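From a predicted model like this one, the values you see are computed outputs, not experimental measurements.
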Amino acid sequence: MSAALDSLLDLLDLEPIERDIFRGTSRSAVVPRVFGGQVAAQALVAAGRTVPADRGAHSLHAYFLRAGDPGAPIVYSVDRIRDGKSFTTRRVVAVQHGQPIFHLSASFQTYEDGLEHQADMPSSPDPETLRTAAEMLPRYADRFSDPGMVDRLIEARAAVDLRYVDAPPFGTVGEAREPRSQVWFRTNGKLADDPLLHVCMATYVSDMTLLDSVLLAHGRGGWAVGDVVGASLDHAMWFHRPFRADEWLLYDQESPSASGGRGLGQARIYTADGRLAITVIQEGVVRVPRGPAAG
């Protein structure tokens, strides 16, 4: 296991304070606020800690309310909304400095057999043939005004082996493309056989690239380039089938709409053998800044 993955696992191992109250810390991010995927994953950990082990997470719906302060702890308060015969529902509020920064509702279900069908997995190259972040990012160093950006991006993704199928948004600035993007990802090391851990890790990664397709449609390079500003607004995930986050997963993403200063991303995550594991939808603020950076 890589040191970066070990650090991320420590981040997800929340400290219990009281019954249904947990405390988490943060790690440095590319932007000076808490990474949204971290808050979502930690909130799901908190919810899962209050649910019987035989009930797996099958969906989450979340709102990002305020930017998180990476220098302060985050307190997660869990409400036990419902414990039914088959389904369990939890609500989690993340608080910093006395204010809610994030709200999550999650549902868990006991396993049962049922009807089966799924959308086919799209074609994609073997992930082993694609460049790693450490190999790919230095190629685009001249796209960033901050000379330390490449190192920060590599550090932020060190726990996860994330590989772009095509050039990322900052690789084709000024060139509008089809609003679709694919990345392969897996953790940089093996994880324990805990289904909740794998779901939380996928939740963490799901916020990294989902709005890329919005940027591609307009030839924008993204937050690190500075030709857009924005943040995640809401996030929803449905977990359809078992998967392991330490094995290759294909994140197939697209954007059906952008308007009103917001962009919508939707995606499907497949296992390497073609099973549809997760559906993801996210909307975020995507604004073109005024001034030279908008040109």
Side-chain angles (χ1 to χ4, degrees), residues 12 14 20-22 24 33-52 55-68 74-84 86-96 99-111 118-119 195-211 213-214 230-243 245 249 251-258 260 262-269 276-286:
L12 297 181
L14 303 180
D20 301 342
I21 300 177
F22 305 86
R33 59 175 181 261
V34 177
F35 171 52
Q38 175 205 301
V39 182
Q42 287 180 327
L44 189 56
V45 169
R49 294 272 178 91
T50 71
V51 174
R55 299 196 174 196
H58 76 84
S59 69
L60 68 82
H61 303 265
Y63 283 93
F64 297 89
L65 305 175
R66 293 178 175 86
I74 306 172
V75 174
Y76 296 90
S77 178
V78 182
D79 287 339
R80 300 185 183 225
I81 301 300
R82 180 176 183 268
D83 290 287
S86 300
F87 292 88
T88 293
T89 306
R90 295 292 185 260
R91 179 175 60 199
V92 184
V93 178
V95 176
Q96 271 191 324
Q99 292 185 313
I101 65 167
F102 179 82
H103 174 277
L104 173 139
S105 293
S107 185
F108 300 76
Q109 180 191 14
T110 56
Y111 174 79
Q118 68 161 70
L196 178 63
L197 176 60
H198 291 263
V199 165
C200 291
M201 196 63 70
T203 300
Y204 177 87
V205 179
S206 69
D207 191 40
M208 285 185 171
T209 62
L210 186 49
L211 297 181
S213 51
V214 177
S232 302
L233 286 172
D234 56 8
H235 197 84
M237 302 180 73
W238 292 264
F239 305 101
H240 307 300
R241 294 171 179 82
F243 64 90
L249 296 168
Y251 200 4
D252 185 61
Q253 306 154 95
E254 65 176 337
S255 175
S257 177
R262 307 182 315 277
L264 184 70
Q266 60 186 28
R268 293 168 175 162
I269 298 179
L276 177 58
I278 311 169
T279 297
V280 193
I281 297 180
Q282 181 184 82
E283 189 172 50
V285 172
V286 182

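In this structure, Pro100 and Val93 approach most closely via the heavy-atom pair CB-CG1, 3.8 Å. Closest non-hydrogen pair, Cys200 versus Val45, comes out as SG-CG2, 3.5 Å. For the residue pair His61 and Ala236, the shortest heavy atom distance occurs at ND1-CB, 3.7 Å. Heavy-atom minimum distance, Val92 versus Ala46: CG1-CB, 4.5 Å. Of all heavy-atom pairs spanning Val205 and Tyr251, the tightest one is O-CE2, 4.3 Å. Contact between Asp83 and Thr88 at its shortest, heavy atoms only, is OD1-CG2, 3.3 Å.
Once rounded to the nearest 0.5 Å, the distance linking CD1 of Ile21 with OG1 of Thr50 reads 12.0 Å. The CG atom of Asp207 sits 9.5 Å away from atom CE of Met237, with the distance rounded to the nearest 0.5 Å. Rounded to the nearest 0.5 Å, atoms CG (Leu276) and CZ (Phe239) are 12.0 Å apart. Atom CD1 of Ile269 and atom CD1 of Ile278 lie 4.0 Å apart (nearest 0.5 Å). Note that the OG atom of Ser213 and the CD atom of Gln266 stand 8.5 Å from one another [nearest 0.5 Å]. Once rounded to the nearest 0.5 Å, the distance linking CD of Gln253 with CE of Met208 reads 12.0 Å.
You'll find the side chain of Ser105 stays beyond 4.5 Å of the side chain of Thr89, heavy atoms only. Side-chain contact between Val78 and Arg49: absent, with no pair of heavy atoms (C-beta onward) separated by less than 4.5 Å. In this structure the side chain of Gln99 reaches within 4.5 angstrom of the side chain of Arg66, judged on heavy atoms. Residues Trp238 and Ile281 meet the side-chain proximity criterion, which asks for heavy atoms closer than 4.5 Å. Residues Ile74 and Phe22 fail the side-chain proximity criterion, which asks for heavy atoms closer than 4.5 Å. Under the 4.5 Å side-chain criterion, counting only non-hydrogen atoms from C-beta, Leu104 is not in contact with Tyr76.
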task = Step by step, work out the side-chain contact (heavy atoms from CB on, under 4.5 Å) result for Gln109 and Arg55.
result = CA-CA 5 Å; Gln109 180 191 14; Arg55 299 196 174 196; 6.0 Å; no
key: side-chain contact (heavy atoms from CB on, under 4.5 Å) between Gln42 and Leu12, worked out   = CA-CA 6 Å; Gln42 287 180 327; Leu12 297 181; 4.0 Å; yes
ask   = Given the rule in the side-chain contact (heavy atoms from CB on, under 4.5 Å) test, do Val280 and His235 qualify, once you have shown the distances and angles that lead to the verdict?
value = CA-CA 7 Å; Val280 193; His235 197 84; 3.7 Å; yes
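Donor-acceptor pairing under 3.5 Å is recorded for the side chains of His58 and Ser107.
More than 12 non-hydrogen atoms from other residues, nucleotides or ligands lie less than 6.0 angstrom from CZ of Phe87. The number of heavy atoms from other shown groups lying within 6.0 Å of CZ (Arg268) does not exceed 12.
For Phe35 and Tyr204, the ring centers are positioned less than 6.0 Å apart.
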